[in-house]
Number of protein chains: 2
Amino acid sequence: MDIIKVFSKNVKKYRNKKGLSQEAFAERAGLHRTYISAIEREKRSIALENVQKIADALEVETYLLFIEDSG
Amino acid sequence: MDIIKVFSKNVKKYRNKKGLSQEAFAERAGLHRTYISAIEREKRSIALENVQKIADALEVETYLLFIEDSG
DNA sequence: GTGTGACTTCTAGTCCGTT
DNA sequence: AAACGGACTAGAAGTCACA
């Protein structure tokens, strides 16, 4: 599967797990709410720096966001 | 550790494991040799699309490139 | 075979608003 | 709360000449 798709799905999954809205999550990650929205809809590629910001905000290990079936 | 640092180190490690030069590897990945060079020296951020290209060229699972001590 | 600075083109990422 | 669009700026992609 495509890495962007996997990443998008995992962001959405972990974000919902934490009960965060896109808006609240975007603020935690220091990113823009429309950007998070675009990521979850697979409309964008992402730079590694922001991958890390997102992982931090979700409080998960970075590599978990690239595993297809990471629970 | 910083994700770019981890990624860089892993690219270098897996590339050397395969006995590929930066030049040969760059060609496999469809990227420029100086670009690979810059990545390995942590001089660049990278978008997910190229992360996948690199993982493909190295024939490793993408997530392995983000694990600090991934053999 | 690799490191490096500089350069142009293209896209990541922000910010406004509307649905 | 979230999808979506338009316009804008910062920064990544991609290449080169030279060391």
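In what follows, chains carry the letters A, B, and so on, assigned in the order in which the sequence lines appear, proteins first and then strands, with residues in each chain numbered from 1.
Under the 4.5 Å side-chain criterion, counting only non-hydrogen atoms from C-beta, V6(A) is not in contact with T62(B). Using a 4.5 Å cut-off on side-chain heavy atoms (C-beta onward), F66(A) and L64(B) make no contact. Contact of the V51(A) side chain with the L48(B) side chain is registered, since non-hydrogen atoms from C-beta on lie closer than 4.5 Å. Taking the side chain as every heavy atom from C-beta outward, K9(B) and E68(B) never approach each other to under 4.5 Å. Proximity of E59(B) to K18(B): side-chain heavy atoms (C-beta onward) are separated by under 4.5 Å at one or more points. Contact of the V11(A) side chain with the F25(A) side chain is registered, since non-hydrogen atoms from C-beta on lie closer than 4.5 Å.
Between L48(A) atom CG and dA12(C) atom C1' there is a gap of 13 Å when expressed in whole angstrom units. Counting to the nearest Å, the P atom of dA3(D) and the NZ atom of K43(A) are 11 Å from each other. I39(A) places its CD1 atom 15 Å from the C1' atom of dA2(D), with the value rounded to the nearest Å. The distance between atom CD of E23(A) and atom C1' of dG17(C), rounded to the nearest whole Å, is 14 Å. Separating the CG atom of N16(B) from the P atom of dG1(C) is a distance of 14 Å, rounded to the nearest angstrom. In this structure, E49(B) places its CD atom 10 Å from C1' of dA13(D), rounding to the nearest Å. Atom pair I36(B):CD1 and dT2(C):P shows a separation of 11 Å (rounding to whole Å applied). In this structure, CD of E27(A) is placed 11 Å from P of dA1(D), rounded to the nearest angstrom.
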Nucleotide-resolved protein contact map, nucleotides 14-19 of chain D, B/S/- at heavy-atom distance under 4.0 Å: BBBBB-
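Neither OP1 nor OP2 of dT2(C) sits under 4.0 Å from any side-chain N or O of R41(B).
Between A47(A) and R15(A), it is R15(A) whose nearest contact on DNA chain D lies nearer the 5' terminus.
Nucleic acid contact class of S37(B) (heavy atoms, under 4.0 Å, all strands): base.
Checked against ring-ring contact (aromatic ring centres under 6.0 Å, His included), Y35(B) has no partners two or more places apart in sequence or in another chain.
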